[in-house]
2 protein chains.
Amino acid sequence: MEAWRLSQMLVTLAERAKADFASTVAPLGLPMHLARALAMLDEPAPMSELAERLECDRSYITSLADQLEERGLAGRVPGTDRRVKLLALTNEGRELRDKIAAAVSAGSMMLTRLDDEQRASLAPLLERLLGDELVVL
Amino acid sequence: MEAWRLSQMLVTLAERAKADFASTVAPLGLPMHLARALAMLDEPAPMSELAERLECDRSYITSLADQLEERGLAGRVPGTDRRVKLLALTNEGRELRDKIAAAVSAGSMMLTRLDDEQRASLAPLLERLLGDELVVL
DNA sequence: TATTGTTATACTCTATAACTATA
DNA sequence: TATAGTTATAGAGTATAACAATA
């Protein structure tokens with residue numbers, strides 16, 4: 001069955017893509033989950049929104065936020081609704097986020113294994129697979 | 001940067017593909033890692049070979065083998081080298097493996113979101129991304 | 001009463017190190 | 001001495017449930 005074989009490859013690729021990303025980011029001193037969180041903080045976002053975008057529990061966002069704060073990469077700022085806290089990158093956080101983007105662009109599997117044309121044909125397929133949901137790291 | 005965006009999508013897809021596979025397989029009573037192991041046991045294989053193919057430590061294979069045995073899905077059989085143990089599917093294991101393949105073929109993201117032509121163009125790109133290593137679930 | 005974030009806790013997956021048996 | 005598998009243990013990542021503050 002073709003779908004079965006594709007699924008097998010996709011799951012294998014999933015493991016590999018994560019390992020690839022993790023090892024690209026490790027030299028910058030970041031575990032993968034923090035790098036992902038950093039990458040989606042272009043603008044301050046409510047913690048509950050992060051939970052949605054990362055598809056994880058709110059309590060885990062608390063833990064991520066604590067770790068980002070400890071490292072001086074982000075801070076909690078109050079929202080207008082006083083129950084809400086926004087997570088916002090510090091200058092240091094923004095710098096690191098840019099370094100991550102550069103490192104991944106330079107060293108990831110995507111660049112080393114595919115040429116321009118192949119990347120161009122892969123993009124719309126990935127978009128389709130990801131569906132209409134937000135495309136976030 | 002295009003590579004950066006593709007990497008972001010790929011990591012997101014990685015999470016989703018695994019969740020997709022896991023939830024497809026869950027109704028059959030199997031956690032994902034056991035389903036993966038099952039899928040690569042077409043023929044009896046030394047435990048150390050499984051460790052290579054799953055890219056994990058040998059000790060973890062011991063744990064997987066224990067779980068497969070408890071469920072009556074596979075058994076350890078001695079190899080010619082008496083240090084080696086082969087892991088081999090039972091009949092029950094083979095049946096379940098076939099059910100998994102059928103369920104994934106019928107219900108996975110690959111089928112529901114892509115048409116035949118798109119799947120045909122995705123396959124060679126995935127192969128390229130996976131490189132020359134074994135393509136295994 | 002419903003929602004946001006926090007705390008405390010526990011579970012799953014996986015690795016490391018030390019060990020046994022065999023080569 | 002080196003290799004295959006096992007055992008005991010530990011860590012990372014993440015979830016669940018109960019809770020406080022605010023709406």
Side-chain angles (χ1 to χ4, degrees), chain A residues 11-12 14-19 21-23 25-26 29-41 44-71 74-88 137, chain B residues 11-12 14-19 21-23 25-26 29-41 44-71 74-88 137:
Chain A
V11 171
T12 301
E15 303 282 357
R16 209 103 85 201
K18 289 180 68 174
F21 184 79
S23 63
V25 156
L30 273 188
M32 189 178 87
H33 58 287
L34 291 187
R36 283 187 81 202
L38 217 56
M40 68 174 49
L41 279 177
M47 294 176 66
S48 58
E49 190 190 314
L50 289 178
E52 274 177 34
R53 288 163 64 184
L54 285 169
E55 299 174 38
C56 67
D57 192 81
R58 296 194 313 285
S59 67
Y60 183 50
I61 300 295
T62 296
S63 151
L64 291 185
D66 288 347
Q67 295 174 63
L68 290 176
E69 252 178 3
E70 276 167 25
R71 292 160 185 255
R76 284 174 240 239
V77 306
T80 47
D81 181 333
R82 282 185 9 224
R83 289 172 302 182
V84 173
K85 295 177 191 168
L86 292 292
L87 208 55
L137 179 56
Chain B
V11 171
T12 300
E15 303 282 357
R16 208 104 85 201
K18 289 180 68 174
F21 184 80
S23 63
V25 155
L30 272 188
M32 190 178 86
H33 59 287
L34 291 187
R36 283 187 80 202
L38 217 56
M40 68 174 49
L41 279 176
M47 295 175 65
S48 57
E49 190 190 314
L50 289 178
E52 274 177 35
R53 287 164 65 184
L54 285 170
E55 300 174 38
C56 68
D57 192 83
R58 297 194 313 284
S59 67
Y60 183 50
I61 301 295
T62 296
S63 151
L64 291 185
D66 289 346
Q67 296 175 63
L68 289 176
E69 252 179 2
E70 275 166 25
R71 292 159 185 256
R76 285 175 239 239
V77 306
T80 47
D81 180 333
R82 282 186 7 225
R83 290 172 302 183
V84 173
K85 295 176 191 168
L86 292 290
L87 207 56
L137 179 57

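We name chains A, B, ... by the order of the sequence lines, and we start the count at 1 in each one.
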Requested in this report: Starting from the 5' end of DNA chain C, give me the residue, A/Ser48 or A/Glu15, whose nearest nucleotide shows up first.
Outcome: A/Ser48

Report summary line: Rounded to whole Å, CG of A/Asp57 lies from C1' of C/dT7 at a distance of 12 Å

Query - Counterpart residues, salt bridge (Lys or Arg N to Asp or Glu O under 4.0 Å), relative to B/Asp66 (two or more places apart) - result: B/Arg76

Query raised in the report: Got a sec, which residues hit side chain to side chain donor-acceptor pair (under 3.5 Å) with B/Arg71, two or more places apart in sequence or on another chain?
Result: none

Query - Residues in side chain to side chain donor-acceptor pair (under 3.5 Å) contact with A/Ser48, at least two apart in sequence or another chain - result: none

**Report entry** Residue-level proximity of residues 58-71 of chain B to DNA chain C when a heavy atom falls under 4.0 Å
**Finding:** B/Ser59, B/Tyr60

Query raised in the report: Expressed in angstrom and rounded to an integer, what is the separation of B/Leu54 atom CG from C/dA15 atom C1'?
Result: 15 Å

Requested in this report: Walking along DNA chain D from 5' to 3', note the first and the last nucleotide with an atom under 4.0 Å from a heavy atom of chain A, and give both.
Outcome: D/dG13 to D/dA23

**Report entry** Qualifying residues under side chain to side chain donor-acceptor pair (under 3.5 Å), relative to B/Arg58, sequence neighbours excluded
**Finding:** none

**Report entry** Contacts of A/Ser23 that satisfy side chain to side chain donor-acceptor pair (under 3.5 Å) - sequence neighbours left out
**Finding:** none

Report summary line: In terms of heavy-atom contacts, A/Leu87 and A/Leu41 come closest through O-CD2, 3.5 Å

Query raised in the report: Please give, in whole Å, the distance from C/dT14 C1' to B/Glu52 CD?
Result: 18 Å

**Report entry** Those residues that, when tested against A/Glu52, pass salt bridge (Lys or Arg N to Asp or Glu O under 4.0 Å) (two or more places apart)
**Finding:** none

Query raised in the report: How would you list, by chain and number, every residue that makes a side chain to side chain contact (heavy atoms under 4.5 Å, CB included) with A/Ser63, sequence neighbours excluded?
Result: A/Tyr60, A/Gln67

